[in-house]
Number of protein chains: 2
Amino acid sequence: MTLTSDCKQCLACNNRSPMFSVLTEQELLVLGEVRYKVHFKPGEVIFKQGASCHNILSIRSGFVKIYLEDESGRYFTVKISSVDELIGKTSIFLDKRHHYSVAALTDVDVCFIDAEAFKKVLFTNKKFGELYANSWGESNIILWNRILSLAHKQMNGKIADILLYLSESVFQNLILENFVTSKLISEMSGVAKDNVVRTLSKFHKEKIIRFLKDEIVILNKERLEEISKKG
Amino acid sequence: MTLTSDCKQCLACNNRSPMFSVLTEQELLVLGEVRYKVHFKPGEVIFKQGASCHNILSIRSGFVKIYLEDESGRYFTVKISSVDELIGKTSIFLDKRHHYSVAALTDVDVCFIDAEAFKKVLFTNKKFGELYANSWGESNIILWNRILSLAHKQMNGKIADILLYLSESVFQNLILENFVTSKLISEMSGVAKDNVVRTLSKFHKEKIIRFLKDEIVILNKERLEEISKKG
DNA sequence: ATCATTAGATGATATTTATCAGTTTTTAAA
DNA sequence: TTTAAAAACTGATAAATATCATCTAATGAT
């Protein structure tokens, strides 16, 4: 993790979340004063579940995973976030503790914005508040979908769900970035790693995906959707 | 479902969510004008996933279940809400559609409050906005916990989690209300009904709970917590 | 009071999935 | 360039769970 200061203020930042465009110059200046940018390398932990929480994060480049840890030390990755997304939308309204962990999947630049200053702007600018709430709502839909997938589906369906989620919501592309490994899909789907490998190999043989040396490409999305539906 | 008008305006309502206490008289009067109260009998559906959404709901008495339906028509009950809780905190900020269904578990009185008027108040009164966000955040913690439970735990752990959730978060009591049936626990835990019955009987034999004629009482909470932890 | 429906109960079976063990390949590090 | 550490791969096995079938008890409706 490296602290860098070579970035324009929020006012002129062109990696900022589009939400910020509804803020006034004055508001952007305020936020610019209370933020700092940090660089993380792949694998580095950005913050840990249980640690105290004083910032909301804005991702300026790269991909991070948001994951939960249970009492037995097992992980579950809930979602993957990237540019334009805010992290901690829920946490800043809770008990000043993080309720999940975040780690970098690639090289990542993150702006840490002071939560109190951010909240002040949030409650002052109605337009901004509404966009924030919309974006919070979108995040919740992902949670509901994850719950449905975990509750009743079996291996094939769970893995299909993850592939579709990654393609549609994370990359907007049929080609999945190469940090998507079987291990990551295992963490996201709740399916044991061995079985993820087996299933991906099977999908490869059936020409539903191409799965070669950590490259995953969706070849037959309709089929994946059927598998997801069937469960 | 019965439409009733025998209720005081929000101003004098003593079944309202405590959040409302930070509103001004003027704001309460506004909300009072755009709400209507409806009674539901046990089993009645209050709204369906996919239907259009123009209201936020405030439960004034009774218990409701919030559940998701998947493409194959299976149900999953995410949480149980009761007095003092708002339903639709996320939905009013989405695409005007409900993303889950709600049904009455007992006799229920619900206030339907017009979403647009509610949002106006929400963005005007900062204190109210903050309480709303806190309460939204609390709801999200429940979702995260559900996800962790579903992802890695097996039957015993999943069922223990539901019993603990009901006791701690819903009833604040070791005695679970008698609408909590094996079927409901099955819907909430993602475990097949037959296996829920088997597990509850086992817990009964081991004196962890008392499970007799639709009465469930937690006798040994520490043991349940161990089972939850072990998974 | 009777009938139909739902919940509880339980054993048997089949399916699904996790786990283990061992091999190969790839990637990263020294 | 060699070595170490992950990741991919695969078969075998064991464990967990869903499903099916059947029964009784309880509940609610007419």
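None of these values were measured; they are calculated from a predicted model.
Look at Ser182(B) and you'll find a side-chain N or O under 4.0 angstrom from OP1 or OP2 of dG8(C). Within the 4.0 Å cut-off from OP1 or OP2 of dT17(D), not a single side-chain nitrogen or oxygen of Asn195(B) is found.
Taking every heavy atom of residues 148-166 of chain B and every atom of DNA chain C, no pair lies under 4.0 Å.
A salt bridge links Lys79(A) with Glu85(A): at least one charged nitrogen is closer than 4.0 Å to a carboxylate oxygen.
Taking atom CG of Leu212(A) as the reference point, atom P of dC9(D) lies 8 Å away to the nearest angstrom. Summarising the geometry, the separation between CD on Glu215(A) and P on dT26(C) is reported as 14 Å, rounded to the nearest angstrom. Across the protein-nucleic acid pair, Phe179(A) atom CZ and dA8(D) atom C1' stand 19 Å apart, rounded to whole Å. Counting to the nearest Å, the C1' atom of dA8(D) and the CG atom of Leu184(A) are 15 Å from each other. Whole-Å rounding puts the Glu187(B) CD to dT6(C) P distance at 14 Å. Ile227(B) places its CD1 atom 14 Å from the P atom of dA16(D), with the value rounded to the nearest Å. Per the geometry, NZ belonging to Lys202(A) stands 14 Å off P belonging to dG11(D), to the nearest Å. For the pair His204(B) NE2 and dT10(C) C1', the interatomic distance rounds to 15 Å; values are reported in whole Å.
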* To do: Please step through salt bridge (charged side-chain N to carboxylate O under 4.0 Å, His left out) for the pair Arg223(A) and Glu226(A), ending with a clear verdict.
  => CA-CA 5 Å; Arg223(A) 189 76 192 90; Glu226(A) 277 173 42; 3.0 Å; yes
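Tyr100(B) and Trp144(A) have their aromatic ring centers within a separation under 6.0 angstrom. Under the 6.0 Å cut-off for aromatic ring centres, Phe179(A) and Phe63(A) qualify, their centroids lying closer than that.
In terms of polar N and O atoms assigned as donor or acceptor, the side chain of Arg198(A) never comes within less than 3.5 Å of the base of dT16(C) in a complementary pairing. Side-chain atoms of Asp194(B) and base atoms of dC20(D) include a donor and an acceptor less than 3.5 Å apart.
Gly43(B) comes within 4.0 angstrom of no nucleic acid atom, judged by non-hydrogen atoms across all strands.
The nucleotide whose nearest atom lies closest to any side-chain atom of Lys183(B) is, among dA7(C), dA18(D), dT19(C), dA7(C).
Between the side chains of Ser228(A) and Lys153(A), at least one donor N or O lies within less than 3.5 Å of an accepting N or O.
Separation of atoms CD1 (Ile208(B)) and CG (Asn220(B)) is listed at 6.5 Å; rounding is to 0.5 Å.
Phe203(A) and Leu224(A) get closest at one heavy-atom pair: CE1-CD2, 4.0 Å.
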